[in-house]
Amino acid sequence: MRKILITGALGQIGSELTMELRNIYGKANVVASSRRVKEGHGELMESGVFEIVDVADGKRLSEVVRKHNIDTIIHLAAILSAVGEEKPALAWNVNMNGLYNVLEVAREEGCAVFTPSSIAAFGDSTPKNNTPQDTIQRPNTIYGVTKVAGELLCDYYYHKFGVDTRGVRLPGLISYKTLPGGGTTDYAVHIYYDALKHKSYTSFIDRGTKMDMMYMPDALNAIVQLLEADPNKLIHRNAFNITSMSFEPEEIAASIRKEIPEFEMRYEVDPIRQAIADSWPNSLDDTAAREEWGWSPKYDLDSMTRDMLEKLTEKLGL
Ligand code: NAD
Ligand code: SER
């Protein structure tokens, strides 16, 4: 049985992945960690071990890995795209030095490492449609720069030191448990909250801006599936394109209108997040993930919308 440490466990992905992994591998085998305790995570904190770990502190990371005999690190602690543009030095420190510390501990202690890359690893010069697995990667955000460097660093630790590194390039994730942590795709989460509360939403991303997206249950499945994939079948490792759907704001609004006909969409475009979105692909080609480890998403836009609205109605007590 694996003994897993999750960094950044109280974020959008970690708060759900921790519970999923505790169901699969057992509560005693999944240690959650974060830089600090946050409100609203009682279930996660009470359902297993929790440690305070700032990933910029390699010594503390190493202590926790040794203390719990960890053999797999799922590294989620990061600064996302929009916050990264506001605080580039912080993004570099957390995303690069944090990953370096994780890989060093993994090398010393013989751990496997899973860490997500992003659609942000692509830039203006990348082919926009059906973006290939192997293509030009020259992003123009600090977040994207750290994601490309991170992919390369993970490959380096695999080839040089034999560390079992694996990753996916996640699209924008949509979920109802924990709000996203300051990215460009966050509009596609906020829209559901406002649709239910106000029957309208003001989008900071403009009409016609397509981005890849995915519902959280599919992302959790992808992470577990790649973690357990037969290494002999993996040609790529860091990191696989994966996607479930690609839409622009008018399309998600139309999907919501099928459930809430009076829903209205307005636009107040944020130039910083719009420029980031414009530099990312319209749609990814995820053939390599499908062929090498059987990736196959379950949700499309309309089935995600129905589930999001149902779960959020319950969560918000509406
Ligand atoms: P998030 O911002 O919701 O969570 C990240 C967590 O890391 C936060 O709880 C934050 O407090 C914590 N953190 C920040 N600095 C830290 C530090 N120094 N030490 C320890 N913890 C620290 O992000 P997320 O959406 O859960 O993303 C997890 C990973 O997935 C990131 O690598 C992100 O780039 C990637 N990703 C996410 C998405 C998405 O749409 N959510 C898309 C593509 C890639
Ligand atoms: N959802 C993330 C962001 O917008 C993509 O990596 O930053």
Side-chain angles (χ1 to χ4, degrees), residues 5-18 32-41 44 50-58 60-61 64 73-87 90-102 113-122 139 141-148 150-151 154 167-175 177-190 204-205 209 211-216 218-220 222-223 239-244 270 272-274 276-277 279-281 284:
L5 172 69
I6 304 179
T7 71
L10 303 185
Q12 189 191 7
I13 302 176
S15 58
E16 297 202 37
L17 185 64
T18 302
S33 74
S34 189
R35 189 169 55 91
R36 59 186 170 85
V37 175
K38 291 185 193 172
E39 293 279 309
H41 292 283
L44 184 148
F50 179 83
E51 295 277 7
I52 294 289
V53 177
D54 183 331
V55 293
D57 181 352
R60 171 74 184 144
L61 189 65
V64 169
I73 304 174
I74 300 195
H75 177 47
L76 302 177
I79 303 299
L80 275 74
S81 59
V83 177
E85 289 310 287
E86 280 165 24
K87 300 175 183 172
L90 176 70
W92 181 264
N93 186 37
V94 174
N95 297 7
M96 286 323 306
N97 294 333
L99 177 60
Y100 176 77
N101 288 337
V102 165
V113 175
F114 176 93
T115 194
S117 183
S118 161
I119 49 172
F122 300 114
T141 60
I142 190 68
Y143 176 65
V145 168
T146 65
K147 286 300 177 189
V148 177
E151 290 184 12
C154 287
V168 286
R169 293 180 185 132
L170 288 173
L173 295 185
I174 292 148
S175 65
K177 288 203 174 138
T178 303
L179 282 166
T184 303
T185 57
D186 297 11
Y187 92 89
V189 178
H190 299 157
F204 59 78
I205 293 295
T209 313
M211 285 185 275
D212 285 282
M213 301 279 178
M214 184 178 292
Y215 197 29
M216 187 62 84
D218 277 327
L220 302 182
I223 293 170
F240 287 92
N241 284 1
I242 55 169
T243 185
S244 301
D270 167 20
I272 295 178
R273 284 177 288 187
Q274 184 62 39
I276 297 174
S279 75
W280 291 354
L284 298 185

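As the structure lists them, so they are numbered: ligands from 1, and atoms in each ligand from 1. Reckoned from all heavy atoms, side chains included, excluding hydrogens, waters and symmetry mates.
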Could you list the atoms of ligand 1 found under 4.0 angstrom from a heavy atom of [X]?
X	result
Ser118	43 (C), 44 (C)
Asp54	17 (C), 18 (N), 19 (N)
Ser117	43 (C), 44 (C)
Leu80	2 (O), 23 (O), 25 (O)
Lys38	8 (C), 9 (O), 10 (C), 11 (O)
Gly172	40 (O)
Pro116	29 (C), 30 (O), 32 (O), 35 (C)
Val94	15 (N), 18 (N)

Out of Val53, Thr7, Ile52, Leu90, who gets a non-hydrogen atom closest to atom 20 (C) of ligand 1? Val53

Atom 38 (C) of ligand 1: which of Gly98, Pro171, Ala121 has the nearest heavy atom?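 Among Gly98, Pro171, Ala121, the closest heavy atom to atom 38 (C) of ligand 1 comes from Pro171.
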
So, the side chain of [X] versus the backbone of [Y]: is there a donor-acceptor pair under 3.5 Å, distance only?
X	Y	answer
Arg60	Ile52	yes
Asp212	Leu284	yes
Lys177	Ile13	no
Asn95	Tyr143	no
Ser279	Ile276	yes

Which residue and non-hydrogen atom of the protein lie closest to [atom], and at what distance in Å?
atom	result
atom 29 (C) of ligand 1	Leu76 O, 3.5 Å
atom 14 (C) of ligand 1	Ala78 O, 4.0 Å
atom 41 (N) of ligand 1	Gln12 OE1, 2.9 Å
atom 22 (C) of ligand 1	Ala77 CB, 3.6 Å
atom 19 (N) of ligand 1	Val55 N, 3.0 Å

Any N/O of Tyr143 closer than 3.5 Å to an N/O of ligand 1? yes

For ligand 1, which is the ligand I care about here, please tell me if Ile13 has any N or O atom under 3.5 Å from one of the ligand's N or O atoms. yes

Passing candidate, side-chain contact (heavy atoms from CB on, under 4.5 Å) with Met213, options Leu173, Ile174, Val189, Thr243: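 The residue from Leu173, Ile174, Val189, Thr243 that satisfies side-chain contact (heavy atoms from CB on, under 4.5 Å) with Met213 turns out to be Ile174.
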
Out of Val94, Asn93, Leu99, which residue meets the side-chain contact (heavy atoms from CB on, under 4.5 Å) rule with Asn97? Asn93

Side chain to side chain contact (heavy atoms under 4.5 Å, CB included) between Glu151 and Arg169, worked out: CA-CA 9 Å; Glu151 290 184 12; Arg169 293 180 185 132; 2.8 Å; yes

Should Phe50 and His41 be marked as a side chain to side chain contact (heavy atoms under 4.5 Å, CB included) after you check the CA-CA gap, both sets of side-chain angles, and the distance that decides it? CA-CA 11 Å; Phe50 179 83; His41 292 283; over 6 Å; no

Filter the ligand 2-protein atom pairs down to N or O on both sides and distance under 3.5 Å, then list them.
| from | atom 1 | to | atom 2 | distance (Å) |
| --- | --- | --- | --- | --- |
| ligand 2 | 1 (N) | Thr185 | OG1 | 2.7 |
| ligand 2 | 4 (O) | Ser81 | OG | 3.3 |
| ligand 2 | 4 (O) | Thr184 | N | 2.6 |
| ligand 2 | 4 (O) | Thr185 | N | 3.2 |
| ligand 2 | 4 (O) | Thr185 | OG1 | 3.4 |
| ligand 2 | 6 (O) | Ser118 | OG | 2.6 |
| ligand 2 | 6 (O) | Tyr143 | OH | 2.7 |
| ligand 2 | 7 (O) | Ser81 | N | 3.2 |
| ligand 2 | 7 (O) | Ser81 | OG | 2.6 |

Check each of Asn101, Thr7, Thr115 against His75 using the side chain to side chain donor-acceptor pair (under 3.5 Å) test, and report the only one that passes. Thr7

So which atom in Pro281 and which in Phe122 form the shortest heavy-atom distance, rounded to 0.1 Å?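 Reported closest heavy-atom pair: CG-CD1, 3.5 Å.
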
Is there a donor-acceptor contact under 3.5 Å linking the side chains of Ser81 and Thr184?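 Judged by distance alone, the side chains do pair up.
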
Which part of His75 is near ligand 1, with near meaning a heavy atom under 4.0 Å away: side chain, backbone, both or neither?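 Contact part for His75 vs ligand 1: neither.
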
Any chance you could lay out the side chain to side chain contact (heavy atoms under 4.5 Å, CB included) test for Gln274 and Ile205, step after step, and finish with the verdict? CA-CA 6 Å; Gln274 184 62 39; Ile205 293 295; 3.9 Å; yes

Answer yes or no: does atom CG of Leu179 have more than 12 heavy-atom neighbours from other residues, nucleotides or ligands under 6.0 Å?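 Yes, the 6.0 Å shell around CG holds more than 12 heavy atoms from other groups.
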
